[in-house]
Amino acid sequence: MKRIFCLLSSLALVALCASAALAGKLEDKVVVYSTHGESLLEAVADAFEAKTGVAVEFLNLKGELADRVRAEKANPQSDVMYGGPSSVYQELQAEDLFEPFKPTWAAKVNPLFKDKDGYWIGTIQTPVLLFYNTEMLTAAEAPKDWKDLADPRYKDLLVFRNALSSSARATYSALLQQYEKKGELDKGWAFLKAVDANTKRYYGSGSLLFQAIGRKEAAISFSVLNDIIDNMTKNKMPLQFIDAKSGSPVITDGIALIKNAKHPEAAKAFVEFAGSAGVQAMLARKFNRMPTLPDALADAPAWMGKVKFKAMDVNWGELASRQSAWMQKWDAEVKDSAKDKK
C-alpha cells in the first residue's frame with residue numbers, strides 16, 4: 001500500500017464535495033485496487049488528496065486484481081477497482097461484487113464504454129495494436145493481420161506478454177472469439193498453438209518486452225497503443241504500429257465501486273474525480289491514455305484525435321464469461337512455459 005500527495009484542481013470535484021457534505025461526510029481515506037502503473041496512480045491519488053484531504057491508499061495488482069477482489073467478497077478491503085478491461089468488470093459484475101453508481105460525467109460517455117445500470121464505467125479507451133521494429137522488417141515484410149502471426153516465416157521473431165497482463169488476456173481471448181463466432185473454436189486454439197511455436201519469449205513486464213524489441217531480439221509484438229507511442233516518441237524506438245485487416249481489440253479500462261466498501265462516500269468521490277474531463281485530459285497528456293470523455297480530447301495530445309485504426313468486432317459481454325477458462329487453458333495447454341521470462 002502507498003499514499004501519495006500532489007496538486008490538481010477540478011471544479012467538478014468542488015461541486016461533488018458540496019453535495020457529499022449534504023449526503024454524508026467523506027471518510028478520511030479510500031482504498032484503491034488497480035492495474036494501472038504506480039506513476040499514473042500517484043498522479044491521480046495526489047490530485048484527489050490535495051483537493052479533498054482524503055488519503056488514497058492504492059495497490060497495483062496487475063493481473064491478480066480480479067482474483068483479489070473475489071477473495072475479499074465477504075470482507076472487502078478495497079473501496080474502488082480502477083483499471084482493467086471491461087470484460088473483467090462484466091465478469092465481476094455478474095458475481096455481485098460492485099455497487100452501482102453513476103458519476104455526473106457518465107451521461108457523456110459512449111454506451112460502448114459503460115454499463116447501462118452504472119455498475120462500471122470506462123475512463124480510458126485502450127486500442128491493442130500489432131507493431132514491429134522497422135530496422136528489422138520492412139512494411140512489406142511485416143504482418144498485415146493477426147492470422148499472419150502463425151506463418152512459419154515469423155518463427156522466433158515474436159515476443160508477447162504473458163497472461164498476467166490484463167491487455168494480453170483480453171487480446172488472446174478476443175482473437176479466440178473471432179473463431180468461436182464462426183463455430184471454429186478448435187481452429188482458434190490451433191492458431192494460438194501455431195503462434196506459440198513462432199514465439200521466442202513471453203514477458204511478465206511490458207518494459208522488458210519493449211527492451212527485447214529495441215535490442216532486436218525479436219521484431220514483432222502487440223501492445224496497447226499508448227505504450228507503442230511512448231516508446232516511439234520518448235525512447236526514440238524505430239517502431240511502426242499495424243492497422244490489422246480484421247481489426248484491433250479496443251479495451252475499455254474501467255472503474256467501479258466495490259460492494260460493501262468500508263469507505264463508500266470517499267469511494268464515490270474518487271470515481272467522480274478519476275473519470276472527470278480534467279483528470280482524463282491530464283492522463284492523456286502525461287501518460288498517453290486515450291479518454292472516453294469527448295470533452296477531454298480538447299486538452300489531449302493531437303495524435304489521439306488523428307490516429308486511425310479499424311476496431312475488431314468483439315462482444316465483451318460474452319467474452320466476460322469465457323475469458324478466465326480460456327486463459328487457464330491457454331496457460332496450461334497452449335503456451336510453452338519454458339519461454340516465460342519474469
Assigning hydrophobic clusters by single linkage (Ile, Leu, Val, Met, Phe, Trp, Tyr; side-chain heavy-atom cutoff under 4.5 Å), is [X] placed with [Y]?
X	Y	value
I229	V128	no
M232	I242	no
I251	V314	yes
L293	V271	yes
L41	L257	yes

Do [Y] and [X] meet the salt-bridge criterion of a basic N to acidic O distance under 4.0 Å?
X	Y	value
K108	D295	yes
K310	D243	no
R70	E95	yes

### Criterion salt bridge (charged side-chain N to carboxylate O under 4.0 Å, His left out) on E72 and R68, from CA distance to verdict
CA-CA 6 Å; E72 296 176 355; R68 181 69 170 263; 2.7 Å; yes
### Task
For salt bridge (charged side-chain N to carboxylate O under 4.0 Å, His left out), just list the numbers for K259 and D96, CA-CA rounded to whole Å, side-chain angles, deciding distance to a tenth of an Å, and then say yes or no.
CA-CA 8 Å; K259 189 172 185 178; D96 196 29; 2.8 Å; yes
### Task
Answer yes or no for K181 and Y179: cation-pi contact, defined as NZ/CZ to six-membered ring centre under 6.0 Å and angle to ring axis within 45°.
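Output no; distance or angle outside limits.
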### Query
Do K114's NZ or CZ and the ring of W120 fall within the cation-pi criteria of under 6.0 Å and 45°?
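Not flagged: K114 not positioned over aromatic ring of W120.
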Can a donor-acceptor pair be found between the side chains of [X] and [Y] at a distance below 3.5 Å?
X	Y	value
D145	S246	yes
K234	N288	no
Q323	S87	yes

Can you tell me how far [atom2] of [Y] sits from [atom1] of [X], rounded to the nearest 0.5 angstrom?
X	Y	atom1	atom2	answer
T252	D115	OG1	CG	12.0 Å
T233	L239	OG1	CG	10.0 Å
N231	I213	CG	CD1	10.0 Å
T35	L61	OG1	CG	9.0 Å
M304	D299	CE	CG	12.0 Å
K102	K268	NZ	NZ	14.0 Å

### Task
Begin from the C-alpha positions of F241 and V307 and carry the test side chain to side chain contact (heavy atoms under 4.5 Å, CB included) through to its verdict.
CA-CA 11 Å; F241 56 80; V307 67; 3.9 Å; yes
### Task
Assign the ring pair F210 / F131 to parallel, tilted or perpendicular, where the plane angle (0 to 90°) is split at 30° and 60°.
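If you compare the ring of F210 with that of F131, the planes turn out parallel.
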Looking at every non-hydrogen atom in both residues, tell me the closest pair between [X] and [Y] and how far apart they are.
X	Y	result
D117	P100	O-CB, 3.6 Å
A266	V54	CB-CG1, 4.0 Å
M327	S173	CE-OG, 3.7 Å
A197	K339	O-NZ, 3.8 Å
W146	L175	CG-CD2, 3.6 Å
S207	S205	OG-OG, 2.7 Å

Compute the ring centroids of [X] and [Y], then answer whether they are less than 6.0 Å apart.
X	Y	value
F58	F270	no
F273	F48	yes
F98	Y89	yes

### Message
Using salt bridge (charged side-chain N to carboxylate O under 4.0 Å, His left out), reason through R322 and E180 one step at a time and then give a plain yes or no.
### Response
CA-CA 11 Å; R322 294 164 172 76; E180 183 195 42; 2.6 Å; yes
### Message
According to side-chain contact (heavy atoms from CB on, under 4.5 Å), who are the partners of S337, at least two apart in sequence or on a separate chain?
### Response
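So S337 forms a side-chain contact (heavy atoms from CB on, under 4.5 Å) with K335, D340.
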### From CA spacing to verdict: side chain to side chain contact (heavy atoms under 4.5 Å, CB included), L158, L149
CA-CA 8 Å; L158 313 180; L149 301 179; 4.0 Å; yes
### Message
side chain to side chain contact (heavy atoms under 4.5 Å, CB included) for Q328 and E333? Distances and angles first, verdict last.
### Response
CA-CA 8 Å; Q328 287 175 13; E333 302 177 24; over 6 Å; no
### Task
Begin with the C-alpha distance, continue with both residues' side-chain angles, and end with the deciding distance and a verdict on salt bridge (charged side-chain N to carboxylate O under 4.0 Å, His left out) for E57 and K29.
CA-CA 7 Å; E57 296 182 358; K29 74 173 183 178; 3.6 Å; yes
### Task
For the pair R289 and D253, evaluate side chain to side chain contact (heavy atoms under 4.5 Å, CB included) and give the outcome as yes or no after the intermediate values.
CA-CA 10 Å; R289 300 300 198 268; D253 279 79; over 6 Å; no
Do [X] and [Y] touch side chain to side chain, with heavy atoms closer than 4.5 Å?
X	Y	result
F222	R161	no
V80	V31	no
H36	I124	yes

#### Entry: Qualifying side-chain hydrogen bond (donor to acceptor under 3.5 Å, both in side chains) pairs, either residue in residues 190-201, two or more places apart
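Residue pairs passing side-chain hydrogen bond (donor to acceptor under 3.5 Å, both in side chains), neighbours aside: D196-Y202.
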### Message
The criterion is side-chain hydrogen bond (donor to acceptor under 3.5 Å, both in side chains); which residues satisfy it with Q280, sequence neighbours excluded?
### Response
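Testing Q280 for side-chain hydrogen bond (donor to acceptor under 3.5 Å, both in side chains), a comparison that skips the adjacent residues, returns T292.
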